[in-house]
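These notes are about the structure you will find just below.
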Amino acid sequence: MPSASSIVARSYPDKIIGVDNSLPWHLRTDLQLFKKRTQGHAVIMGRKTFESIGRPLPNRTNIILSRTEPLFLKSFPSLKWAQNPETALLLADIESIISGKMQFFVIGGDQIYKVFEPYINTIFVTDVFCGNINGDAKFELDFGDPLAGEKSEWIIKSEEEYPKTDSDEYPFRVTKYDRRKPFHRYRSKEEFMGRVPNFDVLLEQYEVRLKLEPIEEGQLDFFE
Ligand SMILES: NC(=O)c1ccc[n+]([C@@H]2O[C@H](COP(=O)([O-])OP(=O)(O)OC[C@H]3O[C@@H](n4cnc5c(N)ncnc54)[C@H](OP(=O)(O)O)[C@@H]3O)[C@@H](O)[C@H]2O)c1
């Protein structure tokens with residue numbers, strides 16, 4: 001199955017990610033990086049995070065987790081509602097395969113990062129150097145400090161520092177972590193074919209897309 005990644009910005013060192021259902025900072029460059037990374041992919045988010053954004057993220061399949069059907073679905077027909085994490089993963093798998101993507105993104109907030117943490121193989125963390133701030137949402141995953149001899153399930157694949165600018169309120173650092181032993185998810189064909197009510201529609205979309213843009217080498221084929 002496609003691999004699950006997550007992407008988060010948190011305060012350093014307190015690990016705050018939100019206050020009153022919004023972001024505690026404005027970092028234009030980080031938002032641009034987020035956009036570049038997630039464009040064309042499926043994204044999974046919690047109902048509260050969707051409400052804080054207020055509209056579907058363009059050029060992405062937006063999968064919203066909520067235990068009850070959100071009222072805003074009527075206003076945004078492109079949204080996909082998942083009532084539980086399993087359905088969210090299934091929708092993300094199908095959408096990723098249909099569009100030939102090897103990964104999808106879990107984009108928050110606090111509750112949703114925790115729910116999907118066991119499935120995540122790559123995490124992009126933005127550490128925001130904003131000092132101590134108050135907040136009501138956190139991302140507390142600890143990656144360990146290799147310099148202090150701490151063992152970690154995660155390895156740093158890349159790290160980049162960004163300065164404070166006119167459009168970036170604070171300096172920040174973006175680190176890409178990979179899970180040392182990637183978690184591989186499997187699904188049976190029956191599960192795939194049997195559980196999604198609009199599977200035929202998705203298959204039709206896939207066939208149309210295939211005619212328009214044939215599969216390139218390295219992309220996932222639906223029937224692989
Ligand atoms: N800094 C960042 O990178 C970043 C990224 C994203 C969000 N945020 C911040 O994080 C905060 C929001 O986080 P949050 O934890 O309060 O909310 P959230 O994770 O966005 O959404 C929580 C909602 O998701 C649904 N949900 C949770 N677990 C579920 C499950 N197992 N099955 C079905 N539905 C489930 C529930 O919706 P229902 O109540 O409708 O059932 C729950 O109320 C905001 O401040 C936002 O700005 C920060």
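Ligands are counted one by one from 1 in listed order, and the atoms in each one are counted from 1 as well. As the structure is a prediction and not an experimental result, all values here were calculated from the model.
Taking the side-chain contact (heavy atoms from CB on, under 4.5 Å) definition, one finds that Leu73 meets it with Glu69, Pro70, Leu79, Trp81, sequence neighbours left out.
Checked by atom type, the side-chain pair Gln103/Ser3 shows no donor-acceptor distance below 3.5 Å. Side-chain polar atoms of Asn84 and Thr87 form a donor-acceptor pair below 3.5 angstrom. Donor-acceptor pairing under 3.5 Å is recorded for the side chains of Asp168 and Thr29.
Contact shell of ligand 1 (protein heavy atoms, cutoff 4.0 Å): Val8, Ala9, Ile17, Gly18, Val19, Asn21, Ser22, Leu23, Gly46, Arg47, Lys48, Thr49, Leu65, Ser66, Arg67, Gln83, Asn84, Pro85, Ile107, Gly108, Gly109, Asp110, Gln111, Ile112, Tyr113, Ala137.
Close placement of the Phe143 and Trp154 rings is indicated, their centers lying within 6.0 Å of each other. Here Phe104 and His41 keep their ring centres 6.0 angstrom or further from each other.
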